[in-house]
Amino acid sequence: MKTRSSYRKQLERLEAHVQALGQGVVDDVRDTGFAIAEGNTSAAEEVIEGHRASERLHRTIEDACMNMMLLQSPVASDLRLITATFRVIGDLARIDEMAYETALLTQEIDLGANEKLARDLGDMSQRAAEMVEKACDAFDDVDVDAANQVFPLDDNVDALYDKVKAEVVELLRNGEEPVTIAPEVLSVAKYYERMGDHAQSIADWGIFRATGEFRGRALGEDAK
């Protein structure tokens, strides 16, 4: 009985750690948007300074999943939770890595002369953060309906990505500022677009956790 109680506590800690990691990643994505759209350097610094802590938490969750798989022999829903968690934290780690890289890039990007571009990138960050937050909530709540609501949101992120690309092309064509930072701007936009893809993957694993069925889609592929 004591062993079973300890096992349940391990599962509860695992879920709590995933929730903490997910919220931290969502906050980081939003903060990069504030750094770009509002010139909030302290927001970018928070992302950079907190990156190591996120990496440590990721490794803690990863180790916990491996230990439970090897030592506890989980079955049924517990096995789905652990398996899905292992994959979800991989997606969250990639999103946070992109947020970290974006925060570094904000130190090189000054969009003060182009409010439209700054606004669109800021909008991308908030929409990507919303996708990640909704996907994580659906995973935590084991809510299939909520998970399915994540996929359509990616259309908005993709549309903004195309819009930013078109704006940069126009700036290059006209020789207008900030043409010198066009590669950095496009990199940031691509990061946000990829975050949306990873959010969809998290939603997929949320559905797997609830049902045992996985779509097996590649990142960015349209939901069936």
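The figures that follow rest on heavy atoms only: side chains count, while hydrogens, waters and symmetry mates do not. Here the structure is a predicted model, which means the values were calculated and not measured.
The two atoms that bring E108 and I181 nearest to each other are O-CG2, 3.7 Å, heavy atoms only. Residue G122 comes nearest to A37 through the heavy atom pair CA-CB, 4.0 Å, listed as atom of the first residue, atom of the second, then distance. Counting all heavy atoms, side chain and backbone alike, A35 lies closest to A43 at N-CB, 4.4 Å. The two atoms that bring L172 and A182 nearest to each other are CD2-CB, 4.1 Å, heavy atoms only. Considering every non-hydrogen atom in both A138 and A147, the closest pair reads CB-N, 3.5 Å. Considering all non-hydrogen atoms of both residues, C136 and G22 come closest at SG-CA, 4.0 Å.
For the pair L117 and L171, the minimum side-chain heavy-atom distance is below 4.5 Å. Considering only heavy atoms from C-beta on, V157 comes within 4.5 Å of D154 through its side chain. Residues D96 and H51 have side chains in contact (heavy-atom distance under 4.5 Å, counting atoms from C-beta outward). Here the side chains of L92 and H58 are not in contact, with every heavy-atom distance at 4.5 Å or above. Within the 4.5 Å cutoff, the side chain of I82 has heavy atoms near those of the L11 side chain. Using a 4.5 Å heavy-atom threshold, the side chains of V185 and E167 count as separate. Under the 4.5 Å side-chain criterion, counting only non-hydrogen atoms from C-beta, I89 is not in contact with L57. Put simply, the side chain of E101 does not reach to within 4.5 Å of the side chain of M98, judged on heavy atoms.
Listed by chain and residue number, T32, Y192 satisfy the side chain to side chain contact (heavy atoms under 4.5 Å, CB included) test with S125 (two or more places apart in sequence, or in another chain). In this view, R87 satisfies the side chain to side chain donor-acceptor pair (under 3.5 Å) rule with no residue, not counting sequence neighbours.
Atoms OG1 and CZ, from T41 and F34 in turn, are 14.0 Å apart once rounded to the nearest 0.5 Å.
Pairs engaging residues 56-72 under the salt bridge (charged side-chain N to carboxylate O under 4.0 Å, His left out) rule: none recorded [sequence neighbours left out]. Counting only residues at least two apart or on different chains, the side-chain hydrogen bond (donor to acceptor under 3.5 Å, both in side chains) pairs with a member in residues 132-144 are R30-E133. Pairs passing the side-chain hydrogen bond (donor to acceptor under 3.5 Å, both in side chains) check and including a residue from residues 12-21, sequence neighbours excluded, read E15-R209.
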Apply the test side-chain contact (heavy atoms from CB on, under 4.5 Å) to residues T102 and I36: give CA-CA distance (whole Å), side-chain angles for both, the deciding distance (0.1 Å), then the verdict. CA-CA 9 Å; T102 298; I36 292 172; 4.2 Å; yes
side-chain contact (heavy atoms from CB on, under 4.5 Å) between Q10 and N67: does it pass, once the steps are laid out? CA-CA 10 Å; Q10 284 181 287; N67 288 336; 5.6 Å; no
Output, in order, the C-alpha distance, side-chain angles, deciding distance and verdict of side-chain contact (heavy atoms from CB on, under 4.5 Å) for L79 and M69. CA-CA 8 Å; L79 180 59; M69 288 284 287; 3.6 Å; yes
What's the verdict on salt bridge (charged side-chain N to carboxylate O under 4.0 Å, His left out) for D91 and R94, showing C-alpha distance, side-chain angles and the deciding distance? CA-CA 5 Å; D91 285 308; R94 286 296 301 121; over 6 Å; no
So Q23 and D27, side chain to side chain donor-acceptor pair (under 3.5 Å) or not? Walk me through it. CA-CA 6 Å; Q23 187 58 58; D27 291 342; 3.0 Å; yes
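Hydrophobic clustering (side-chain heavy atoms under 4.5 Å, transitive across Ile, Leu, Val, Met, Phe, Trp, Tyr) groups I95 together with Y161. Transitive grouping of hydrophobic side chains (ILVMFWY, heavy atoms separated by less than 4.5 Å) brings L186 and V188 into a common cluster. M131 and L160 end up in the same hydrophobic cluster when Ile, Leu, Val, Met, Phe, Trp and Tyr side chains are linked at under 4.5 Å. A continuous path of ILVMFWY side-chain contacts below 4.5 Å connects Y7 to V18, so both sit in one hydrophobic cluster. Placement of V47 and L21 in two distinct hydrophobic clusters is found when ILVMFWY residues are connected by side-chain heavy-atom separations under 4.5 Å, directly or transitively.
With no hydrogens or angles considered, no side-chain donor-acceptor pair links Q200 and D204 at under 3.5 Å.
The pair E193-K190 meets the salt-bridge criterion, since a charged nitrogen lies less than 4.0 angstrom from a carboxylate oxygen. For D78 and R8, the salt-bridge test passes: some basic side-chain N is under 4.0 Å from an acidic carboxylate O. Between R52 and E55 no salt bridge is recorded (no basic side-chain N to carboxylate O distance below 4.0 Å).
No option in R127, K163, K165 other than K163 meets the salt bridge (charged side-chain N to carboxylate O under 4.0 Å, His left out) test with D120.
Hydrophobic clustering, defined by side-chain heavy atoms of Ile, Leu, Val, Met, Phe, Trp and Tyr closer than 4.5 Å, leaves V169 isolated from every other such residue.
For the pair T83 (side chain) and R80 (backbone), a donor-acceptor distance under 3.5 Å is absent.
The aromatic rings of F214 and W205 lie parallel to each other, their planes meeting at an angle below 30°, with 60° marking the opposite boundary.
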